[in-house]
Number of protein chains: 4
Amino acid sequence: MWSNSIGKAFVVTCFGESHGPVVGVTVDGCPAGLSLTVDDIQGALDLRIPQEKEVVSGRREPDAVELFSGVFQDYTTGAPVTLHIRNKDVKSSDYEPMKDVVRPGHADYPAKVKYGGFSDYRGGGRLSGRMTAAFVAAGAIAQKLLSSFGVEVLAYTQAIDGVQLENHPSSEAVKKVTYENSMRCPDPAIAEKMRQAVINAKADGDSVGGVVECTALNLPVGVGEPLFDAIDSELAKILFGIPAVKGVEFGAGFQATRHHRQLLRSKRP
Amino acid sequence: MWSNSIGKAFVVTCFGESHGPVVGVTVDGCPAGLSLTVDDIQGALDLRIPQEKEVVSGRREPDAVELFSGVFQDYTTGAPVTLHIRNKDVKSSDYEPMKDVVRPGHADYPAKVKYGGFSDYRGGGRLSGRMTAAFVAAGAIAQKLLSSFGVEVLAYTQAIDGVQLENHPSSEAVKKVTYENSMRCPDPAIAEKMRQAVINAKADGDSVGGVVECTALNLPVGVGEPLFDAIDSELAKILFGIPAVKGVEFGAGFQATRHHRQLLRSKRP
Amino acid sequence: MWSNSIGKAFVVTCFGESHGPVVGVTVDGCPAGLSLTVDDIQGALDLRIPQEKEVVSGRREPDAVELFSGVFQDYTTGAPVTLHIRNKDVKSSDYEPMKDVVRPGHADYPAKVKYGGFSDYRGGGRLSGRMTAAFVAAGAIAQKLLSSFGVEVLAYTQAIDGVQLENHPSSEAVKKVTYENSMRCPDPAIAEKMRQAVINAKADGDSVGGVVECTALNLPVGVGEPLFDAIDSELAKILFGIPAVKGVEFGAGFQATRHHRQLLRSKRP
Amino acid sequence: MWSNSIGKAFVVTCFGESHGPVVGVTVDGCPAGLSLTVDDIQGALDLRIPQEKEVVSGRREPDAVELFSGVFQDYTTGAPVTLHIRNKDVKSSDYEPMKDVVRPGHADYPAKVKYGGFSDYRGGGRLSGRMTAAFVAAGAIAQKLLSSFGVEVLAYTQAIDGVQLENHPSSEAVKKVTYENSMRCPDPAIAEKMRQAVINAKADGDSVGGVVECTALNLPVGVGEPLFDAIDSELAKILFGIPAVKGVEFGAGFQATRHHRQLLRSKRP
């Protein structure tokens, strides 16, 4: 059954594999007349993985975008926009030893069972975190469209391995500082602590979890459609499409379940 | 745009309003040959709201199910199953004073803006928590279908207002104890503490948050479809369709972001 | 799989059976603020089957509409509109003899095979032509919505059993005459010939085919979405949802395959 | 709104433009384990346009297929299959003179209005008949899948400009003769008459219409889903996605409206 598309008005269809020729995406429903170039998308992809090699996994690719349809003379035409991000050349033979290994924390085992041994096992194949490159590319188009309506979407790292921002940063700080460090954290001192946590974990052959906080500014009242396409429902669906995401909260979130009344009371003057 | 349906294979379409004549649901895609009667659905609805009047909101209705299609001689036919839950008779005039009041913590304001003043404002109208009666009815059908494959779905209250189960209860405890108290908590002592928290909040004219933990037993490997219809994506989408839900976690959830490595290490023998 | 819904912006979900309690429909996506009453829909249903008993099949029911959701104080609210048309009371026992009979020209046989003997066999069950009552009801809502944009949709009988209108009737004739006779033909003399063809066939225990011609006036340029939701694609899909429809043409249709060039040439002055 | 995808279980998403870099297609839902190579698809594309240059329009391209995802070691993996057909290199400047010309019998005018002047006007852009190359490619995959279930789909030219086969050809004749002539007609003598009609029309700067008849062999009983995804509904929707298609019939089609009773009677012994 079809499951590689998401959305109804702005529909993102994703394809490709970690070690196949490309990761790609088609966006159907982007209105005609939006200014869009390869550079708009490339700029977003360049921010996906920090440059600092100490804090990222081994694989870092240039992720060059190639645009195939839906844009004419630097404007969208109303036709579907398809783009590819070419994978680095890989030799299939290098991955033969992985063929029968199912890694913990990955989808290798269910993929093997579900697809009867026919799934592409190289680096997780279709179920690799590398698919998020396609999400970033589609997101870059969405962001251009949203910004034409005045909507701004901000995101930053709120916590890594328990090291967290104590206060809500200002939108100005988020815009200015986030991409100045490889942790994408708007407080440089906290960012440095986070960085150490990552480096320590990496030295142990381990990884750490974190929290990304996201804010949309200037959203009009009434975005989202009841009952099932409310904005929180739609965002949660796509966020859990990122394999590493294990929880999603809106507003007070789980905090509302923990003596919230006392908390509220304690904040009264 | 269409947004009152969810799912692709087993599709739930919900309709009705809090103070209109009915809340109803159509399930399209339920296979033919499933044993199904009004009693199967009525039984689930009877558990939706505890009988104990001290811990629930004022409105308690009998929620009698009426079945209109898709079932013939006590088996599903393969045609869509439509059912209604009739609302108590209400006089529209009683709600005139509410017409221009937008309640905090409800969707009254966005509804007013989004629908240009034409939305049914009585008790939240379409955006009332009462819509969950339709979810329960559809869920009862889903549960019968799943149980024909050996899948069991359990749920219980894990926390209310910070009062929480310290250990993971056994499936046996969940099955046996959960519905013996109005908190739906498998530990009677904790349930009583939760109950006091609810009663205290109610006395203050307030309400409290809580956590529901849910487990599916005997799920086959590979349920869900990548990339966007993974089982966590699908569940999150529908869970956030319940207005009061503000967070969803799977597995370790947000715990994985808080010194998870130390936690794991401390559990080693 | 879900297949009882059609459309993306104005979505029609149909349910019910020929001899179950109701035939019904939910329309999701009708905008808020459209003036709509039961009478608007009842008026369209009253025209579905001619009053003249000589030319119709045995079953004629009053088809009273009941409205359950999505309309408040005579205007749509933006929530899904659900309505029922109650079937005449029928005794299931009357249909026992039909249980193992599969009628030619009906879907009885594939239904029996597809649904493993669980389908409702009474009068065709879910696959009865009676489902068109739901289409008419949904169409009445669509018509009100379209007419609010100035779009008018006209239809009339162009041919029955080879008796056909020779010339294209004017829109005025269609509007004025069509519903004055039971053939729904804008030329009274041709209508009478059609009527005789129907009565003759009926006397032989037979039925006849016909052609309905439909025109939409004042459609804006660019309605429909390429590639697959073009207006002809969408209309064809729903038209073939009527079991008796065996062909659909647009514009010149099949005529364009028959020496069209000579035909065009012969019309030149 | 999204409209470049069709289907629910085997979903075809089409992208590209007539004079952009590629025409392409993504097939989502093709099961894992189907033997599939570029040659399977290339073979179908090679038959799309006859080699005989006298009977086709000016543009004839090699249509080489490039496969990007969903196939690993010559078998489908269960992931979406994406392929491109590269367009011949074209200079955008060659099409500047066409920018403000709207051709009759094409979608140039509605495209201009609908997309506010931003659509790709070169050779019809997104609305060109060249998109059928993508349909053929997707169809080649579908055909391989269907043939693994024993289903065979045959098609041939039944009529061109009124020159038509008088009798229904045998499946054997269709399989053997159809692709031996550029008319794709299983009767060589009729094919030659059709060919002359095409050549005559072309000499006049004109074109002609025709009828393609299609048969599916070995379809299981009960394929298609009521009410709206019946097999005739689904086929009609996609067939009208081909811009030149103006009519679709099943079974007796429009013939059933023309003194069908007499016709049937005359065939009795």
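Lettering follows sequence order; numbering is per chain, from 1.
Using a 4.5 Å heavy-atom cut-off against chain C, the contacting residues of residues 31-39 of chain B are B:Ala32, B:Gly33.
Sorted pairs that involve residues 239-250 of chain B and meet side chain to side chain donor-acceptor pair (under 3.5 Å), not counting sequence neighbours, are lacking altogether.
Residue C:Arg86 comes nearest to B:Phe68 through the heavy atom pair NH2-CE2, 4.1 Å, listed as atom of the first residue, atom of the second, then distance. The two residues B:Glu17 and C:Ala79 come nearest to each other via the heavy atoms OE2-CB, 3.5 Å. Closest approach of C:Ser69 and B:Phe15 over heavy atoms only: OG-CB, 3.9 Å.
Per-residue heavy-atom pair counts under 4.5 Å with chain C were compared for B:Ser3, B:Ser119, B:Ala9, B:Gly125, and the maximum is reached by B:Ser119. Your options are C:Val81, C:Asn4, C:Thr76, C:Val27, and the one with the most heavy-atom pairs under 4.5 Å with chain B is C:Asn4. Interface remark: of the candidates B:Pro21, B:Gly29, B:Gly78, B:Pro21 forms the most heavy-atom pairs closer than 4.5 Å to chain C.
To the nearest 0.5 Å, the span separating CG on B:Asp120 from CD on C:Gln73 amounts to 8.0 Å.
C:Phe250 meets the ring-ring contact (aromatic ring centres under 6.0 Å, His included) test with D:Phe240; sequence neighbours excluded.
No more than 12 heavy atoms of other residues, nucleotides or ligands shown are found within 6.0 angstrom of OH on C:Tyr75.
Ring-plane geometry between C:Tyr121 and B:Phe72 is classed as perpendicular, the angle between the planes exceeding 60 degrees on a 0 to 90 degree scale with a lower cut at 30.
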Would you be so kind as to tabulate the donor-acceptor pairs closer than 3.5 Å made by side chains of residues 216-225 of chain C, with sequence neighbours excluded?
from, atom 1, to, atom 2, distance (Å)
C:Asn218, ND2, C:Gly150, O, 2.9
C:Glu225, OE2, D:Lys114, NZ, 3.0

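In this structure, chain C has no heavy atom under 4.5 Å from any part of B:Leu127. Within the 4.5 angstrom heavy-atom criterion, only backbone atoms of B:Cys14 (N, CA, C, O) approach chain C.
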